[in-house]
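Here is how names work: the chains are called A, B, and so on, in the same order as the sequence lines, proteins then strands, and each is numbered from 1. Being a predicted model, the structure only gives us computed values, none of them experimental.
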There are 2 protein chains.
Amino acid sequence: MVDKGEAILVEGSHNAHLYTMLSGLAFRFKIIEDGRRQILNYILPVDLIGLQGSLTGEMQHSIETLKPSVLCVFERNRIDEIFVKHPKLAYDITWLAAREERMLDEHLLSIGRRTALERTAYVLSFLASRSIEAGMDQTDEVSLPVTQQHLADTLGLSIVHTNKTLKKLSDRELIKWGERSCTINDVEALARIANWQVGQTEDRPFI
Amino acid sequence: MVDKGEAILVEGSHNAHLYTMLSGLAFRFKIIEDGRRQILNYILPVDLIGLQGSLTGEMQHSIETLKPSVLCVFERNRIDEIFVKHPKLAYDITWLAAREERMLDEHLLSIGRRTALERTAYVLSFLASRSIEAGMDQTDEVSLPVTQQHLADTLGLSIVHTNKTLKKLSDRELIKWGERSCTINDVEALARIANWQVGQTEDRPFI
DNA sequence: CGTCAGTTTGACACGAATCAAAGTGAGTGG
DNA sequence: CCACTCACTTTGATTCGTGTCAAACTGACG
């Protein structure tokens, strides 16, 4: 169990295990020395954390929680064992790595080639569909416990411009901002603005 | 064997196998309907191609060659077999997936938070060190057979601005542009501009 | 009541996109 | 062999999107 706002893995650390996020919410990020931060992806139940660190020996990014989170630990030195004794599990781990890669590809497309409005719409619909998929919100409304600074660092925008872009979306009533959190009203309209095909949920391993 | 400039895998296609790039050079990219293109990463010897497609059933990006390339095919339906019978090989595949993820993380940081000059310096030093690592250039000079449009689509910049940024770097004699290709003179100076730590080459599986 | 983190807004500056046009060299066909 | 085309590069002028600066506002919390 890890509290909200806590760093659970720090760039450069060596004691990397493999974790599964059982409940909660976190994000992976990198920072440049002068403080610029880029959020790489969000971690929802039931995602894998620390795969790279486990396989390469050193974390290349940091992780911080947005909600109190519960993790399940796989010992690093048991990973070889998994590959030898549990091929199905090993396959699932690789499947999840490939899935992470697809998400990063889409983020790259977003930051590289979409406008601020498209990008913002994309991230919000992306996070909303992942939340729904993970069953995080029982209600109809999807609500994300992030600050505008988090979104800015996800989008590669300044916080001021992020704010103005969010205003455009809430003027259209696609989202509502309140109390350090964002509720998404219309996932599909957002995806349409972003020119994004929300991927159909496939069979996905639950490690 | 695939010729230069040819598409070898197309987004949405289903016949995805797993390939190894034995020699040559290619790149992965995604496009938005209106034509905007984002290059996601480059594929050098001895990289794996099509992992996601093989595991998830459908390619989410396309691949095109920059040089005549030789590929080695793994049948898709033999992947399960690999995980069961060759755990070491399965581990290596996962290792490579984790490595790809690290590269994408760094690109994301770059496009999201670095300036045009830093970004350009980063990609060039990144590609140069990968070329050296892959032993693609026997000579001291590293030379990349790309157009400025390729770089622009990698960097998330317009082609005009890319040109002007490249000029700054060649004024400093860090690179030289000529004949649809770029030769990199000073990898480390570029990395320094980008504020980038070029990762030490670790043991890396050669599948 | 004051502080503090986060949000909101307006004015202005700057980096990058767009527009336009000319230059280069390889390849092609007359 | 020359003219022509075509893809790519280069450069300057201008526009536009986004960043930066500054200041006020809000609500939680001590």
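Nearest to the side chain of B/Ala116, among C/dA16, D/dT18, C/dG10, sits C/dA16. Set against D/dG19, C/dA16, D/dT9, the side chain of B/Gln148 has D/dT9 as its closest nucleotide. Nearest to the side chain of B/Asn163, among C/dA17, D/dT9, C/dT7, sits D/dT9. Taking the side chain of B/Lys164 as heavy atoms from C-beta on, and the options C/dG10, D/dG12, C/dA5, the nearest nucleotide is D/dG12. Relative to the side chain of B/Thr147, the nucleotides D/dC8, C/dT7, D/dA13 differ in distance, and D/dC8 lies closest. The side chain of A/Val160 approaches D/dT20 more closely than any other nucleotide in the set C/dT18, D/dT20, D/dT9. Closest to the side chain of B/Ser158, out of C/dT8, C/dT18, D/dG19, is C/dT18.
Using a 4.5 Å heavy-atom threshold, the side chains of A/Leu44 and A/Leu25 count as touching.
Regarding B/Gln149, its CD atom lies at a distance of 15 Å from the C1' atom of D/dT10, rounded to whole Å. In this structure, B/Leu157 atom CG and D/dT18 atom P are separated by 14 Å, rounded to whole Å. We find that CZ of A/Arg180 is positioned 5 Å from C1' of C/dG6, with the value rounded to whole Å. Going from atom CD1 of B/Ile159 over to atom C1' of D/dA7 covers 10 Å, rounded to whole Å. We find that NE2 of B/His161 is positioned 15 Å from C1' of D/dT10, with the value rounded to whole Å.
Projected onto DNA chain C by closest heavy-atom contact, B/Arg119 and A/Val146 fall at different nucleotides, the more 5' of which corresponds to A/Val146.
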Verdict with supporting geometry, A/Ile93 and A/Leu18, side chain to side chain contact (heavy atoms under 4.5 Å, CB included): CA-CA 10 Å; A/Ile93 289 173; A/Leu18 195 60; 4.1 Å; yes
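Partners of A/Tyr42 according to the ring pair (Phe, Tyr, Trp, His ring centres under 6.0 Å) rule, which considers only residues two or more places apart in sequence or in another chain, do not exist here.
When all heavy atoms are compared, the tightest approach of A/Arg37 to B/Arg113 is O-NE, 2.9 Å.
Contacts of A/Gly156 with the nucleic acid, taken as non-hydrogen atoms under 4.0 Å apart, involve only primed sugar atoms and P, OP1 or OP2.
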